[in-house]
Amino acid sequence: MFEEAKKKYSAAGVDVEAALEKLKNVSISLHCWQGDDVRGFDTDPNKPLTGGIQTTGNYPGRARTPDELMADIDKVISLVPGKPKMNLHASYAIFEDGEWADRDKLEPKHFAKWVKFCKERGLGCDFNPTFFSHPKCDPLTLSSPNEETRKFWIEHGKACIRISNYLAEELGQPCVMNIWTGDGFKDIPGDRINPRIRYRESIDAILSEPYDFKKVKPCVESKVFGIGVESYTMGSSEFALLYAAVNQDKCIPLMDNGHYHPTEVVSDKIPALLTFFKEIALHVTRPVRWDSDHVVLFDDETKEIAREIVRCGGLEGRVNIALDYFDASINRISAWTTGYRNFQKALLFALLQPVDELKKLQDEQKFSALMVAQEELKTLPFGEIWAEFCKRNDAPLDGAWFPLVEEYEKNVLSKRN
Ligand code: RNT
Ligand code: ZN
């Protein structure tokens, strides 16, 4: 069936073998925070999540310790084709022998266990300072009018650059370090510019920590609003894009597709940004009416995002892809695995498009033919190619992995409560 499918794609001008080869080497960052509802290990696990984000649901079996989280990540890795890259938040520091360090004092050694984990599995690792769910959020962080608060969070950011550098050096792969804060206001601000000026100065201060931009890639992630910060955010889209644009020698912009007005699409923003930036970063998620961080599906916008990544040369090192969602209402391993496999599917779907031919039809203004070609590509036997990709990369096929999750739930997750 694969051979038959391949013939059909070939007739449409697509080289299936090249697509399979290409996708094999794409590593998508796997966010550790789906496994424990974004709680981390450095503060009280029963504290509420703050900073304009929220998990909802109380499905049993969340990871409560580093060992449990690592075991769950291993399960996910066994269920997806190819090799992911890890993506950690600073709040996932692992303290040993009763030691504890506050976020401004975090050190590389607090991530030594993660380095060991990644090394044993041959994975790279991305990183994120954690500017939320912490008593020092007043509730603002980098844009706070309180100098002591700002200083604390700047020190946290700098510590995270040192940790990112450690991850990059130890694992031999660049570390994308994303700066996102939930700073903003619930209601109409009385002053919009000064918080943004402070935010800018604080990011400047963080990035004054020395690093090699080839190894540590700081990003600024924008967001239009969050829970409790519905009216205004310091890190709006214009703010973050302009920050990255005037600091192209030391940071890159990050777009999360849950962070825009509902009719805006990140797929269209990718080529816009790549017209000006050498490199960009993405958080792939699924907003349902708002930034709800639902599991990534194989839906139209996800496919369109993947198409733009492929067409813009994003897989040649220009687009850093990370997943970012957290659903606490369903089995978390299935959430992770579904989203990861779906984004791989979207990339494969994109790689199975006759890019040059579609471009030619457009340039020659053959818009009827372009529409027909794009529509007919949708019903080619994609499932056969995806199955072959799973087979060649030692991952279970669709239909075969979920029973393994159910078994893991029965034997491992259900014993956690
Ligand atoms: C929140 C941002 C941010 C977080 C993670 C946990 O809206 O998307 O990226 O989800 O850092
Ligand atoms: Zn995000």
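Read the numbers this way: they start at 1 and go in the same order the structure lists the ligands and their atoms. Since we're looking at a predicted model, the values are computed, not measured.
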Looking only at protein heavy atoms, which one is nearest to atom 1 (C) of ligand 1, and how far off is it?
I53 CG2, 3.3 Å
For atom 4 (C) of ligand 1, which protein heavy atom lies nearest, and how many Å away is it?
D324 OD2, 3.5 Å
Polar side chain donor-acceptor pair, T149 to D138, under 3.5 angstrom:
yes
Please verify the inter-ring angle class for F239 with Y243; under 30° counts as parallel, over 60° as perpendicular, anything in between as tilted.
parallel
Parallel, tilted or perpendicular: which describes the rings of F382 and F298, with under 30° parallel and over 60° perpendicular?
parallel
N/O separation below 3.5 Å, [X] to ligand 1:
X	value
D293	no
W180	no
E221	yes
N128	no

Determine whether the side chain, the backbone, both or neither of T285 has a heavy atom under 4.0 Å from any heavy atom of ligand 1.
neither
Honestly, for H31 the part within reach of ligand 1 (heavy atoms, under 4.0 Å) is neither
Sorted by chain and number, protein N/O/S atoms nearer to the Zn ion (ligand 2) than 2.8 Å are E221 OE2, D256 OD2, H283 ND1, D324 OD2
How about [X] and [Y]: are their ring centroids closer than 6.0 Å?
X	Y	value
F41	H89	no
H261	W290	no
W114	F117	yes

Just jot down the ligand 1 atoms closer than 4.0 angstrom to any heavy atom of [X], in number order.
X	result
D256	8 (O)
H259	1 (C), 2 (C), 7 (O), 8 (O)
F326	10 (O)
K223	1 (C), 7 (O)
H283	9 (O)
D291	7 (O)

Residues Y408, D72; criterion side-chain hydrogen bond (donor to acceptor under 3.5 Å, both in side chains); working and verdict
CA-CA 9 Å; Y408 187 76; D72 292 356; 2.6 Å; yes
Quick one: pull up CG in L207 and CD1 in I154 and give me the separation to the nearest 0.5 Å.
10.5 Å
CG (L413) and CD (E68) are apart, to the nearest 0.5 Å, by 9.0 Å
Would F111 and F127 satisfy ring pair (Phe, Tyr, Trp, His ring centres under 6.0 Å), going step by step from the backbone distance to the final call?
CA-CA 11 Å; F111 293 87; F127 199 63; 5.0 Å; yes
Option from T233, T181, T141 for which side-chain hydrogen bond (donor to acceptor under 3.5 Å, both in side chains) with Y199 holds:
T181
When you measure from the heavy atoms of Y325 to every atom of ligand 1, does any distance fall below 4.0 Å?
no
Quick one: does H89 get a heavy atom under 4.0 Å from ligand 1?
yes
Using a strict threshold of under 4.0 Å (side-chain N to carboxylate O), is an ion pair present between D291 and K223?
yes
Is K158 paired with D104 through a side-chain N to carboxylate O contact shorter than 4.0 Å?
no
Could you give all pairs that pass the salt bridge (charged side-chain N to carboxylate O under 4.0 Å, His left out) test and reach residues 200-211, with sequence neighbours left out?
R162-E209
